[in-house]
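What follows is a single structure, written as structure tokens, with notes after it.
Note that these values count all heavy atoms, side chains included, but never hydrogens, waters or copies made by symmetry. Computed from a prediction, not measured in an experiment: that's the story for all the values here.
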Amino acid sequence: MLPVILGALALRRTSGPLHEVTQMVRRRAFGDFEVRAVPGGTADVRELTASINFLADESDRLTAIERERSRLQSEMHRASTRIRRHLHADDIVREAVSAIQQHLPVDFVWVGLASDGLLTLAEGDRTTREQATSIAAILPEDSVDWMTDLYQRHEIYCVQHLRLDQPRGIPHQILSMLLDLGAASLVLAPFGAGAEFLGAVSLLRNDPGKPWTGPEISAVESLAADIGRALEHARLYESEDRLVKELQTLDRAKTSFLASASHDLRTPLTSIIGYLELLQDSAAGPLRAGQRQLLDVVVRNADRLLIIANDLLFVSRAEAGMIALTLTEVSLPET
């Protein structure tokens, strides 16, 4: 009986913890993700329990990461929609910076725009002018080339520990300034349109215990791409807007010219027609038949010139909005 009793006790010692592990797995399957198995029993059972608890923890960690990724993607999609509504670069940058500060825990955001081989502060950036000027002043000449290379390789530059790691590509002056700002980690995302590099957005964190996560880096990358597309649209809009304004300026110049020309023509024509009428009335002496015939031709052409001058003046006044039109019903047969 002793072997039987010992076997029963061993089975009970093993089956109890195994049953608890089974119950834990079953409860997780029904949505209770907080439950964990209590280690117990034989060494093999304790090892099995630890492994299952580890898998549960890892599953929860991956689920939390995916949940955070989904949340950030949703927020960045809404931010992208708001960004695309703007047609000016400063409004686009301001909207992007606002989205970053609202949805990502950051201590410093800087948006630089590339122009003529230099990187300058965007007008819509909330970075203080002193900080931006200091950063722009110490950027090396090849910094734009380095960021352009990152953009063309579709890469984001990320340093999780500025004090511990050996950041590649960051000049010593910039690294010193970042450390003076209290920065512990950095993410730099270049953006552009097609093959053209347009700028970069830089994000800093001061807390060394909060490194950048995969979902956050993906969100920054997505937002940077939206900034590039929106800036390209804004640039096209501003180019068309300048063209429209130039055409409007030419149109106003044409209208002004027509008004001046018609006025300048009417003044001498009025005098010419007046003297012609005096000649027709024999005020300067009697006219022979041939002279009167020639004078009639001159009068007709002077009247034609006056009609043309009046038409030009009417057109210029109409384009300038100086003529009020009144619409009335008329009878065509009677007119």
Is Arg292 paired with Asp296 through a side-chain N to carboxylate O contact shorter than 4.0 Å?
no
With a 4.5 Å heavy-atom cut-off, do Leu203 and Val220 have their side chains touching?
yes
Verify, without hydrogens or angle tests, whether Arg205 (side chain) and Pro105 (backbone) share a donor-acceptor contact under 3.5 angstrom.
yes
Hey, are Ser74 and Arg78 close enough side-chain-wise for a donor-acceptor pair under 3.5 Å?
yes
Under a 4.5 Å cut-off applied to non-hydrogen side-chain atoms, are Leu113 and Leu198 in contact?
no
In terms of hydrophobic clusters joined by side-chain contacts under 4.5 Å, are Leu236 and Ile92 together?
no
Are any non-hydrogen side-chain atoms of Leu87 and His233 less than 4.5 angstrom apart?
no
Answer whether the closest heavy-atom distance between the side chains of Leu276 and Val299 falls below 4.5 Å.
yes
Checking the side chain of Ser222 only, and the main-chain atoms of Ser218 only, is there a donor and an acceptor separated by less than 3.5 Å?
no
Using 0.5 Å steps for rounding, measure from the CG atom of Leu269 to the CG atom of Asn310.
9.0 Å
Within this structure, what is the CD-CG distance for the pair Gln73 and Leu223, rounded to the nearest 0.5 Å?
13.0 Å
Same cluster or not: Leu179 versus Leu204, using hydrophobic residues (I, L, V, M, F, W, Y) connected whenever any side-chain heavy atoms lie under 4.5 Å apart?
yes
I'd like to check Ile100 versus Val201 (side-chain heavy atoms, cut-off strictly below 4.5 Å). Are they in contact?
yes
With rounding to the nearest 0.5 Å, note down the distance linking CZ in Arg82 to CD in Glu95.
5.0 Å
Just do the side chain to side chain contact (heavy atoms under 4.5 Å, CB included) check on Leu306 and Ile273 with the steps written out, would you?
CA-CA 9 Å; Leu306 183 61; Ile273 291 174; 3.7 Å; yes
Is it true that a side-chain atom of Glu240 and a backbone atom of Tyr237 form a donor plus acceptor pair closer than 3.5 Å?
no
Taking atom CZ as the centre, does Arg304 end up with more than 12 heavy-atom neighbours from other residues, nucleotides or ligands that are less than 6.0 angstrom away?
no
Is the shortest side-chain heavy-atom distance between Ile217 and Cys158 below 4.5 Å?
yes
Can you find a side-chain donor-acceptor pair between Ser185 and Trp212 that sits under 3.5 Å?
yes
For the student: nearest non-hydrogen atoms of Pro190 and Glu155, plus distance
CD-O, 3.5 Å
Nearest 0.5 Å please: distance from the CG atom of Leu150 over to the CG atom of Asp145.
11.5 Å
Distance-minimising heavy-atom pair for Val187 and Ile156:
CG1-CG2, 3.9 Å
Should Glu216 and Arg69 count as an ion pair when the cut-off is N to O under 4.0 Å?
no
Got a second to check how far Arg300's CZ is from Leu295's CG, nearest 0.5 Å?
10.5 Å
Within a strict 4.5 Å, meaning less than it, do heavy atoms of the Leu231 and Phe191 side chains meet?
yes
Please answer: with hydrophobic residues joined when any side-chain heavy atoms are less than 4.5 Å apart, are Val315 and Ile308 in the same cluster?
yes
Separation of Leu312 CG from Phe257 CZ (nearest 0.5 Å):
9.0 Å
Any donor and acceptor pair, going by atom type alone, linking the side chain of Thr81 with main-chain N or O of His77 inside 3.5 Å?
yes
Can Arg235 and Glu196 be counted as an ion pair, charged N to O under 4.0 angstrom?
yes
I need the minimum non-hydrogen distance between Leu162 and Val159, along with the two atoms involved.
CD2-CG1, 3.7 Å
Look at the aromatic rings of Trp146 and Tyr157 and report parallel, tilted or perpendicular, splitting at 30° and 60°.
perpendicular
Report yes or no: do Ile272 and Val298 belong to one cluster of Ile/Leu/Val/Met/Phe/Trp/Tyr joined by side chain heavy-atom distances under 4.5 Å?
yes
Is it the case that the side chain of Ser260 and the backbone of Ser256 share a donor-acceptor pair, with hydrogens and angles ignored and the cut-off at 3.5 Å?
yes
Are Arg94 and Asp91 ion-paired here, with the side-chain N under 4.0 Å from a carboxylate O?
yes
Determine, stepwise, if the pair Glu232 / Arg229 fulfils salt bridge (Lys or Arg N to Asp or Glu O under 4.0 Å).
CA-CA 5 Å; Glu232 175 65 8; Arg229 287 189 288 266; over 6 Å; no
What closest approach, in Å, do Gly228 and Ala193 show between heavy atoms, and which atom pair accounts for it?
O-CB, 4.3 Å
State, with a plain yes or no, whether a side-chain heavy atom of Phe197 is found less than 4.5 Å away from one of Met147.
yes
Does Lys254 form a salt bridge (Lys or Arg N to Asp or Glu O under 4.0 Å) with Asp251? I'd like the steps, not just the answer.
CA-CA 5 Å; Lys254 179 207 68 175; Asp251 187 63; 3.3 Å; yes
